[in-house]
S.K.: 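Please read through the structure below; I'll follow up with questions.
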2 protein chains.
Amino acid sequence: MTAYAEQVLDALGDPTRRAVLKRLRGRARSVTDIAAGLEVSRPAVSQHLKILKAARLVTDRAEGTRRVYALDTRGLEAVRRWLDGFWDETLAAFKEAAEREAAKERKT
Amino acid sequence: MTAYAEQVLDALGDPTRRAVLKRLRGRARSVTDIAAGLEVSRPAVSQHLKILKAARLVTDRAEGTRRVYALDTRGLEAVRRWLDGFWDETLAAFKEAAEREAAKERKT
DNA sequence: ACTTACGGTAAGTGACGGCTTACGCAGAGC
DNA sequence: GCTCTGCGTAAGCCGTCACTTACCGTAAGT
């Protein structure tokens with residue numbers, strides 16, 4: 001559950017992988033097409049795509065001998081939920097602290 | 001701008017650092033207090049806190065001889081904006097592709 | 001002033017991760 | 001069937017990064 005979100009964050013914690021995702025904004029691309037816009041070799045891109053796919057940040061479909069990759073929103077949604085949960089708990093803590101403070105005020 | 005968001009994502013791309021953040025949910029804690037709940041040494045926590053602070057994911061204030069760290073929402077907000085931007089561009093691309101498809105349909 | 005608690009930093013080590021080259025396999029076209 | 005293109009994987013190298021121990025500065029208590 002939250003372990004999946006951590007996997008996504010690990011996947012997003014690499015500049016090259018983020019560059020791959022950026023390159024997928026707009027249209028789906030083949031592996032060589034993705035690698036053409038980057039400074040790393042095509043096999044390196046393949047390895048990153050494997051990780052991104054496991055994190056559900058990309059999907060792939062076969063198109064003849066080529067493999068076309070596209071963005072998968074599920075990974076991004078997982079990060080959003082993780083973020084929301086974090087923020088909610090932070091706010092709850094602030095609220096609780098404020099109430100504790102108010103109770104202390106009342107005593108004095 | 002977007003470079004800052006990348007810095008935050010890099011900071012979030014480590015399990016120990018995420019554990020530190022989780023430990024800061026709820027209440028602010030001192031360094032030794034944070035390290036007490038983790039499996040790494042206190043100096044290791046200090047090094048991570050330095051990175052988290054640079055990414056504006058935590059803030060620190062001196063309290064006597066102790067240093068109390070708390071969550072900083074700015075880093076999380078930056079990730080949220082990064083996510084939103086990504087999602088918007090993806091949706092825009094989908095919309096554009098759909099319109100192109102519709103135009104092609106009209107011709108036939 | 002001495003001691004004690006707390007935390008940042010230096011130095012060194014080990015491992016993990018990202019990259020490259022080389023290879024093998026599948027599908028499309030001649 | 002042969003070739004050519006596209007992609008994944010294996011093997012290996014190298015850099016980086018997270019971690020440890022040791023040390024030093026600082027603030028508070030006695």
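Computed from a predicted model, the values in this text were never measured in an experiment. Side chains are part of it too, since the values below use all heavy atoms of this structure and drop only hydrogens, waters and symmetry mates.
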S.K.: Can you check the A/H48 NE2 to C/dG17 C1' distance for me, whole Å?
M.R.: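 Taking NE2 of A/H48 and C1' of C/dG17, I get 9 Å after rounding.
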S.K.: Over how many whole Å does the gap from A/R61 atom CZ to C/dG27 atom C1' extend?
M.R.: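 These atoms are roughly 17 Å apart.
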S.K.: Decide yes or no for A/V68 and A/D60: does some side-chain heavy atom of the first lie under 4.5 Å from some side-chain heavy atom of the second?
M.R.: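 No - every pair of side-chain heavy atoms lies 4.5 Å or more apart.
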S.K.: When hydrophobic residues are tied together by side-chain contacts of less than 4.5 Å, even through go-betweens, does A/L83 share a cluster with B/Y4?
M.R.: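 Same cluster: A/L83 reaches B/Y4 through Ile, Leu, Val, Met, Phe, Trp or Tyr contacts under 4.5 Å.
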S.K.: What is the distance from atom CZ of A/F86 to atom CG of B/L21, rounded to the nearest 0.5 Å?
M.R.: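 So the CZ of A/F86 and the CG of B/L21 are separated by 5.0 Å.
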S.K.: Check the distance between C/dG7's C1' and B/L49's CG and give it to me in whole angstrom.
M.R.: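 Between C1' of C/dG7 and CG of B/L49: 10 Å.
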S.K.: Round to a whole Å and report the spacing from CG of B/D10 to C1' of C/dG18.
M.R.: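 So the two atoms are 14 Å apart, to the nearest Å.
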S.K.: So, is the end of the B/R29 side chain (NZ or CZ) under 6.0 Å from the ring centre of B/Y69 and within 45° of the ring's axis?
M.R.: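 Here B/R29 fails the 6.0 Å and 45° test against B/Y69.
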S.K.: Taking the nucleotide of DNA chain C with the nearest heavy atom to each, does B/R67 or A/G64 sit closer to the 5' end?
M.R.: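 Residue closer to the 5' terminus by nearest nucleotide: B/R67.
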S.K.: Do the side-chain N or O atoms of B/Y69 get closer than 4.0 angstrom to the phosphate oxygens (OP1, OP2) of C/dC6?
M.R.: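 No, B/Y69 has no side-chain N/O under 4.0 Å of OP1/OP2 on C/dC6.
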S.K.: Atom CG of B/L52 to atom P of C/dG8: distance rounded to whole Å?
M.R.: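 Taking CG of B/L52 and P of C/dG8, I get 12 Å after rounding.
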S.K.: Would you call A/D84 and B/R80 a side-chain contact if the rule is heavy atoms closer than 4.5 Å?
M.R.: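 When only atoms from C-beta onward are counted, B/R80 and A/D84 do touch, with a gap below 4.5 Å.
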S.K.: Any carboxylate oxygen within less than 4.0 angstrom of a Lys/Arg side-chain nitrogen, looking at B/R56 and B/D72?
M.R.: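 No.
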S.K.: Any Lys/Arg nitrogen of A/R66 or A/D33 sitting under 4.0 Å from an Asp/Glu carboxylate oxygen of the other?
M.R.: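 Between A/D33 and A/R66 there is no salt bridge, as every charged N stays at least 4.0 Å from the carboxylate O atoms.
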S.K.: Just one of A/I51, A/L71, A/L12 clears the side chain to side chain contact (heavy atoms under 4.5 Å, CB included) bar with A/L57, so which one?
M.R.: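 The single option meeting the side chain to side chain contact (heavy atoms under 4.5 Å, CB included) with A/L57 is A/L12.
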S.K.: How would you give the extent of chain B contacts on DNA chain D, as first and last nucleotide 5' to 3' within a 4.0 Å heavy-atom cut-off?
M.R.: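 Nucleotide range with atoms under 4.0 Å of chain B: D/dA18 to D/dA28.
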S.K.: Under 4.0 Å, heavy atoms only, any strand: does B/T32 hit a base, just the sugar-phosphate, or nothing?
M.R.: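 The answer is sugar-phosphate, as B/T32 gets under 4.0 Å only of primed atoms, P, OP1 or OP2.
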S.K.: Send over the distance from B/E63 CD to C/dG7 P, rounded to a whole Å.
M.R.: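 So the two atoms are 10 Å apart, to the nearest Å.
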S.K.: Take nucleotides 9-14 of chain C nucleotide by nucleotide from the 5' end and write B, S or -, depending on whether a protein heavy atom sits under 4.0 Å from the base, only from the sugar-phosphate, or from neither.
M.R.: BB----
S.K.: Keeping to residues at least two apart or across chains, list the side-chain hydrogen bond (donor to acceptor under 3.5 Å, both in side chains) pairs with something in residues 10-22 of chain A.
M.R.: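 Qualifying pairs, neighbours excluded: A/D10-B/R18, A/R17-A/H48, A/R18-B/E6, A/R18-B/D10, A/K22-B/E6.
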S.K.: Tell me whether the OP1 or OP2 atom of C/dG7 has a side-chain N or O from B/T65 closer than 4.0 Å.
M.R.: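 No, because none of the side-chain N or O atoms of B/T65 sits under 4.0 Å from OP1 or OP2 of C/dG7.
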